Amino acid sequence: MGVEAWDSAATSWADHVRGGGDVRWEAHAAVLDEILPPPDGLTVDAGCGEGRFTRTLRARGYNAVGFDATSALIDAARAADPAGTYEVADVRSLPVADHGAQLVTCINVLEHMAGLDAALGEFARILAPGGVLVAAVVHPVADVGTYDVERDAMTISGYFAEEERAVPLGDVEVMHHHRTIQSYVRALAAAGFTLDDLREVPGRSASVPLYLDFRAFC
């Protein structure tokens, strides 16, 4: 349920994203825009998927390249942005020189990965001193929560049980590796990052979170 699942769902996911199906993306993108540093040098969009965020970065003047482990998603990214650079690569082993990037973005990817420490270590390797990581994950509360529309409230179960679980993606399932906020912060510190900003982005209502966004310096 890893790369193979995303390969199977690539077309439907791209259609979903580009057809306006991701109705909560606009609010999320606005928060990411607030914490992004200005364009400066190479930007690596790690886990770029079908290229939505890479295209946004490029349109705003960033020298951004996208990497993703799923070849079908990279094909979709290239088709949508022929002038861009999109390559197949695992975010834990990126074809970028040591200290070759000023900014790494990683949006809604780390919760799908078993190797969080390896990914953050790779980001630290490719970032220049003073470089910035901007990342986002599904909020850990939302990951284990059940939202009740009538009560406008979320019931949380098993928050501290860090484990993988299958979540639906169209007709297939992908894995989420649930982690607490504490685990993300401690992993950043262990990889040599200094947390600079952290935002909790609402989802279905202003009462409950959907995304956890953060900026850290290397």
Side-chain angles (χ1 to χ4, degrees), residues 1-19 21-22 25 28-29 32 36 39 41-128 131-138 164 166-177 187 191 211 218:
M1 288 186 288
V3 172
E4 297 82 3
W6 283 101
D7 266 319
S8 298
T11 299
S12 60
W13 175 248
D15 290 344
H16 173 76
V17 167
R18 298 171 190 178
D22 195 355
W25 172 252
H28 188 202
L32 291 171
L36 278 170
L42 177 66
T43 293
V44 171
D45 189 18
C48 67
E50 57 75 51
R52 168 172 55 181
F53 197 60
T54 321
R55 293 192 298 274
T56 297
L57 290 167
R58 283 172 34 75
R60 295 180 181 177
Y62 291 82
N63 176 24
V65 299
F67 297 102
D68 199 278
T70 306
S71 59
L73 288 173
I74 289 296
D75 289 342
R78 290 170 174 166
D81 182 17
T85 299
Y86 301 90
E87 301 294 340
V88 177
D90 191 304
V91 302
R92 293 163 293 192
S93 182
L94 294 164
V96 179
D98 292 357
H99 313 308
Q102 290 292 333
L103 171 64
V104 171
T105 59
C106 187
I107 311 303
N108 300 350
V109 175
L110 295 176
E111 67 269 38
H112 295 289
M113 300 186 61
L116 176 63
D117 292 339
L120 294 178
E122 182 68 348
F123 300 161
R125 179 189 70 79
I126 69 172
L127 278 169
V132 180
L133 167 65
V134 171
V137 295
V138 171
E164 64 177 15
V167 298
L169 178 68
D171 296 330
V172 299
E173 291 183 327
V174 296
M175 298 306 297
H176 269 204
H177 296 268
Y211 297 111
C218 190

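Sequence positions, counted from 1, serve as the residue numbers for this chain. Keep in mind that this is a model prediction, so the values were computed, not measured.
- Between the side chain of Gln102 and the backbone N or O of Gly41 there is no donor-acceptor pair closer than 3.5 Å.
- When every heavy atom of Gly47 is checked against every heavy atom of Val109, the shortest pair comes out as O-CG2, 3.3 Å.
- The aromatic rings of Trp25 and Phe53 sit perpendicular to each other, their planes meeting at more than 60°, with 30° as the lower class boundary.
- Listed here is the closest heavy atom pair of Leu42 and Asn63: CD1-O, 3.5 Å.
- Although no hydrogens or angles enter the test, the distance criterion places no donor-acceptor pair under 3.5 Å between the side chain of Ser93 and the main chain of Ala89.
- Side-chain contact check for Ile107 versus Arg52: every heavy-atom pair is 4.5 Å or farther apart.
- The two residues Gly61 and Pro39 come nearest to each other via the heavy atoms O-CB, 3.6 Å.
- Looking only at distances, a side-chain donor or acceptor of Arg125 sits under 3.5 Å from a matching main-chain atom of Val96.
- Considering all non-hydrogen atoms of both residues, Tyr86 and Ala77 come closest at CD2-CB, 3.6 Å.
- The backbone N or O of Leu120 sits nowhere less than 3.5 Å from a side-chain atom of Glu122 that would complete a donor-acceptor pair.
- The side-chain contact (heavy atoms from CB on, under 4.5 Å) test with Thr105 singles out one residue from Leu57, Thr54, Leu32, and that residue is Leu57.
- Put simply, the residue from Thr70, Val65, Ile74 that forms a side-chain contact (heavy atoms from CB on, under 4.5 Å) with Cys48 is Ile74.
- Across Met113 and Asp90, no two heavy atoms sit closer than the pair CE-OD1, 4.3 Å.
- Between His112 and His177, the gap from one ring centroid to the other reaches at least 6.0 Å.
- Side chain of Asp45 to backbone of Gly66: no donor-acceptor contact under 3.5 angstrom is found.
- Side-chain contact between Phe123 and Cys218 is absent, with no heavy atoms from C-beta onward closer than 4.5 Å.
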